[in-house]
Visitor: 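Submitted below is the structure of interest, expressed as structure tokens.
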Amino acid sequence: MAKPNGSEEPAAQPPVTPAPRSLDWYDLATREPPERKWAIQGWLGYGHTTLMVGAGGIGKTLLAQQIGSALTLGLQHFIDEIPQPLRVLMWACEDDHDELWRRQTHIARHYGAHLDAFGENFILVPRL
């Protein structure tokens, strides 16, 4: 694109992504790896993608909603220790608003919480 003075603007350059490197065993042999960070101790890692797979209709979304609720509330003994309450984003692509609401009402009652206890920390988005 030409500037008012007639000169051309340089074309925008895409960001350069560094080439992947293999692990350097010689360097790593002299150190200890960093501790793993857990959302649910020993079960659900923190800071990376986790995939839940199973046949249709067996309750994956319900389980994900229960896990999201437990993480938001920071329950001490859900499956195992939850070190701290977390902010959770869940996209539910197979259930509508009212079904997720009904389930959340039952989950909240089970945990002895009110729906407003999830506030802005459990973001549940119906995508059906």
Visitor: Side chains of L62 and I107: closer than 4.5 Å at any heavy-atom pair?
Guide: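 Sidechains of I107 and L62: in contact.
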Visitor: Kindly give the heavy-atom pair with the smallest separation between A39 and P83, and that separation in Å.
Guide: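 In this case the closest contact between A39 and P83 is O-CD, 3.4 Å.
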Visitor: Decide yes or no on side-chain hydrogen bond (donor to acceptor under 3.5 Å, both in side chains) for T61 and E94, but give the supporting numbers first.
Guide: CA-CA 8 Å; T61 302; E94 297 177 355; 4.6 Å; no
Visitor: Treating K37 as the side-chain partner and G45 as the backbone partner, does any N or O pair qualify as donor plus acceptor under 3.5 Å?
Guide: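 Not confirmed, K37 side chain does not pair with G45 backbone.
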Visitor: Please answer whether the main-chain N or O of G74 pairs with a side-chain N or O of Q76 as donor and acceptor at a distance below 3.5 Å.
Guide: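 The answer is yes, because a donor-acceptor pair under 3.5 Å joins these two groups.
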Visitor: Do W43 and V88 belong together in a cluster built from hydrophobic side chains that touch within less than 4.5 Å?
Guide: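 Yes, same cluster.
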Visitor: Between F118 and L73, is any pair of side-chain heavy atoms under 4.5 Å apart?
Guide: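 In contact.
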Visitor: Going through the checks in order, is the side-chain contact (heavy atoms from CB on, under 4.5 Å) test met by W38 and I82?
Guide: CA-CA 8 Å; W38 295 102; I82 295 175; over 6 Å; no
Visitor: Any chain of hydrophobic side-chain contacts (each under 4.5 Å) joining I67 to V125?
Guide: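 No, because I67 and V125 fall into different hydrophobic clusters, even though each may have its own neighbours under 4.5 Å.
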Visitor: Checking side-chain contact (heavy atoms from CB on, under 4.5 Å) for the pair F122/R87: CA distance, chi angles, key distance, verdict?
Guide: CA-CA 6 Å; F122 188 23; R87 190 166 196 209; over 6 Å; no
Visitor: Hey, is the main chain of L100 close enough, under 3.5 Å, to the side chain of Q65 for a donor-acceptor pair?
Guide: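 Between the backbone of L100 and the side chain of Q65 there is a qualifying donor-acceptor contact (under 3.5 Å).
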Visitor: Might you confirm whether atom NE2 of H110 has over 12 heavy atoms from other residues, nucleotides or ligands at distances under 6.0 Å?
Guide: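 Not more than 12 within 6.0 Å, no.
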Visitor: Test side-chain contact (heavy atoms from CB on, under 4.5 Å) on R36 and Y46 and set out the steps.
Guide: CA-CA 8 Å; R36 184 175 286 115; Y46 181 85; over 6 Å; no
Visitor: Enter the distance from L115:CG to W101:CH2 here, rounded to the nearest 0.5 Å.
Guide: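 The distance works out to 8.5 Å.
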Visitor: Determine, for R103 against D95, whether the closest basic-nitrogen to carboxylate-oxygen distance falls under 4.0 angstrom.
Guide: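 A salt bridge is present here (some side-chain N lies under 4.0 Å from a carboxylate O).
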Visitor: Under 4.5 Å between side-chain heavy atoms, counting indirect links through other Ile/Leu/Val/Met/Phe/Trp/Tyr residues: same cluster for I79 and M52 or not?
Guide: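 Yes; M52 is reachable from I79 via cluster members.
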Visitor: Give a yes or no on whether R102 atom CZ has more than 12 heavy-atom contacts from other residues, nucleotides or ligands under 6.0 Å away.
Guide: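 Result for CZ/R102: enclosed.
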Visitor: Do L63 and L86 share a hydrophobic cluster (ILVMFWY, side-chain heavy atoms under 4.5 Å, transitive)?
Guide: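 Same cluster: L63 reaches L86 through Ile, Leu, Val, Met, Phe, Trp or Tyr contacts under 4.5 Å.
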Visitor: Keeping D116 on the side-chain end and G119 on the backbone end, is there a donor-acceptor pair under 3.5 Å?
Guide: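 Looks like no, no N/O pair under 3.5 Å.
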Visitor: Please test L71 against L44 for side-chain contact (heavy atoms from CB on, under 4.5 Å), starting from the C-alpha separation and ending with a verdict.
Guide: CA-CA 10 Å; L71 290 170; L44 182 62; 4.1 Å; yes
Visitor: Once you round to the nearest 0.5 Å, how far does OG of S69 lie from CE of M90?
Guide: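 So the OG of S69 and the CE of M90 are separated by 8.5 Å.
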